[in-house]
Amino acid sequence: MTEREVRVRFAPSPTGPLHIGGVRTALYNYLLARKLGGKMLLRIEDTDQNRFVPGAEEYILEALAWVGIVIDEGQGVGGPHGPYKQSERKPMYKQYADQLIEAGHAYYAFDTAEELDAMRARLQAAKVPNPQYNSITRAQMRNSLTLPEDEVKALLDGGAQYVIRLKVPRKEEVRFQDLIRGWVVVHSSAIDDKVLMKSDGMPTYHLANIVDDHLMEISHVIRGEEWLPSAPLHVLLYRYLGWESTMPQFAHLPLLLKPDGTGKLSKRDGDRLGFPVFPLEWHGTDAETGEATVSRGYREDGYLPEALVNFLAFLGWNPGTQQEIFSMDELIQAFSIERVSKSPAKFDQNKVKWFNEHYLRAKSNAELAPYLLTALHEHAIVCSQEKAEQIVGVMKERVSFPNDFWQEAKYFFQAPTEYDETVVSKKWNAPVAAALTAYAEALPTAPEVSAEGLKTLFNDTMAAQGLKPGQVLQALRVAVTGAAAGPDLFETLVILGVPEVTERLRTAVATLPAAA
RNA sequence: GGUCCGUUCGUCUAGGGGUUAGGACAGUAGAUUUUCAUUCUACCAACAGGGGUUCGAUUCCCCUACGGACUACCA
């Protein structure tokens, strides 16, 4: 077989926000494409007009861009095989369905929904293990295999509603080699006569998918495991269409499971478990009540895209080394489809958080400052870039998300109105208050406003007061920040500035009861 | 129910016929830190069960159990 260009595709349906499992599928496609020097395509599979959700397509594009997946060809980008949206390709599919009919591999079916229901009910009643429209049951249904030729023609000419179904052989083993699972064998009796063309003239996923993958010269189909059961059907389609020699290689990814219990991670789990299942925030409407809903997104929750990517890459894949931190480029270098595991993975909130902390700490203060500045701006607080950088600098070791900066660093901008009670009751007393007053008086004379300088001054002042620094330190922190814990105290004082610190010390001494 | 897929610490996983079954997250303890956090160190903790094959199986085979996906004119 000749080496052909590697072309992979990510093909979501615009039925809502792309979920995190979809992002991982896209990521693996992307990694393989880049690793092998191939192309990454994006195709929108919107053949179900009933499930179309406005905004979903834009969301998909934005989400992929945010995580850093670059599309080489496809929706939103263009390319030589367009259009890349199936609804716009509608006229292209019918000929292939016709080709299958002519070759005797497909047929017209005129059954109504009621007739289909009746058939299934009948089979169920007869305790047929797997009720389906197949090589046996099709003999009892109204289709071009059972109806006289002239009646079929009359129905067609008369504009009767019909679908085109694949004529799946009765006894045949269908096998294909999955890149992740090895040989997968399914007997054709387990496959039903799938609808290829719907009565609205749109192809179903199965037909559109195969036709488009063929036309777009896709070399590898990497998709979720939920597609594994229909893969044999797709193999049959390639065969009957005469495309078996260029059939793409399949790789079915293990599913992402709920963190608790079991079952695949679904869109609803996010709200239930308190973590996002979507890359970006999504504003939708409740299907039943019609009310506006908001679903959390990783981006809005403060996750860095590189952390999400690193985490997702390791859910079902690993490089075989002990390295865990990988940039996108490193992932591309290290990736191989053979190392994707077969078993499903539970989503681990702790691990994503850990990756996020790691990437947060690796960022420079200048990169992080905007997060604080944005929050400050929302609270109408003015702050210089320089000061913001200093603050995130002392804070980044202690937060998990950039969104936490504001909450944690509030006291740099607002004098405390409350003081941590435990510290006050344990550490605050008359001598301490007096010592802090002395420190407040000494501060303006500090020879050097640096963490070291203020610390020395503090120690000297305490010595003069006959106190050990340790007896007063906690009180100083509470007096200045209101909190019991925080970053290095003297760094904090420097950022606050001497005038502000003296002011706050005076307020604290005046406010807090110096009992005992 | 049927078909298919899967099963190593709580979680993500490495490994592989003979290993003290390795790492990471979480958890616990200690060190550092004026505090909290960070950091560092240590500890805890797993081959689903039963049959084979074999000198030897967690690793290969079979069965069972359990989990999952699919079973639409949805993708």
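Letters go in sequence order (proteins before strands), and every chain restarts at 1. The model shown is predicted, which means the values in this text are computed figures rather than measured ones. The analysis underlying the following values was restricted to heavy atoms, covering all of them including side chains, and did not include hydrogens, waters or symmetry mates.
Backbone-only contact: Asp48(A) has heavy atoms under 4.0 Å from sugar-phosphate atoms and none from a base. Looking at heavy-atom distances under 4.0 Å, Pro487(A) makes contact with a base. Nucleic acid contact for Thr15(A): none, since no nucleic acid atom lies under 4.0 Å from a heavy atom of the residue. Contacts of Pro344(A) with the nucleic acid, taken as non-hydrogen atoms under 4.0 Å apart, involve only primed sugar atoms and P, OP1 or OP2. No contact: Leu476(A) has no heavy atom under 4.0 Å from any strand. Among the protein residues, Ala484(A) comes within range of the nucleic acid bases, having at least one heavy atom under 4.0 Å from a base atom. Contact annotation for Val423(A): no contact, since no heavy-atom pair falls under 4.0 Å across all strands.
A donor N or O paired with an acceptor N or O is found under 3.5 Å between the base of C73(B) and the side-chain atoms of Ser199(A). In terms of polar N and O atoms assigned as donor or acceptor, the side chain of Lys351(A) never comes within less than 3.5 Å of the base of A26(B) in a complementary pairing. On a pure distance criterion of 3.5 Å, a polar donor-acceptor pair joins the side chain of Arg51(A) and the base of C74(B).
For the C1' atoms, the distance linking A46(B) with U11(B) amounts to 12 Å, nearest Å. Distance check on atom P: C66(B) versus G49(B) gives 15 Å, rounded to whole Å. Nucleotides U53(B) and C62(B) are separated by 15 Å at their P atoms, to the nearest Å.
Projected onto RNA chain B by closest heavy-atom contact, Lys455(A) and Glu357(A) fall at different nucleotides, the more 5' of which corresponds to Glu357(A). When each of Leu473(A) and Thr112(A) is assigned the nucleotide of RNA chain B bearing its nearest heavy atom, the one mapping closer to the 5' terminus is Leu473(A).
Phe335(A) does not carry Arg339(A) over the face of its six-membered ring by the limits of under 6.0 Å from the centre and within 45° of the normal. Within the cation-pi definition used here (under 6.0 Å to the ring centroid, within 45° of the axis), Arg138(A) does not qualify as a partner of Tyr133(A).
Outside the 6.0 Å centre-distance limit, the rings of Tyr359(A) and Trp354(A) are not counted as a close aromatic pair. Taking the six-membered ring wherever Trp is involved, the centroid distance between the rings of Phe311(A) and Phe347(A) falls below 6.0 Å.
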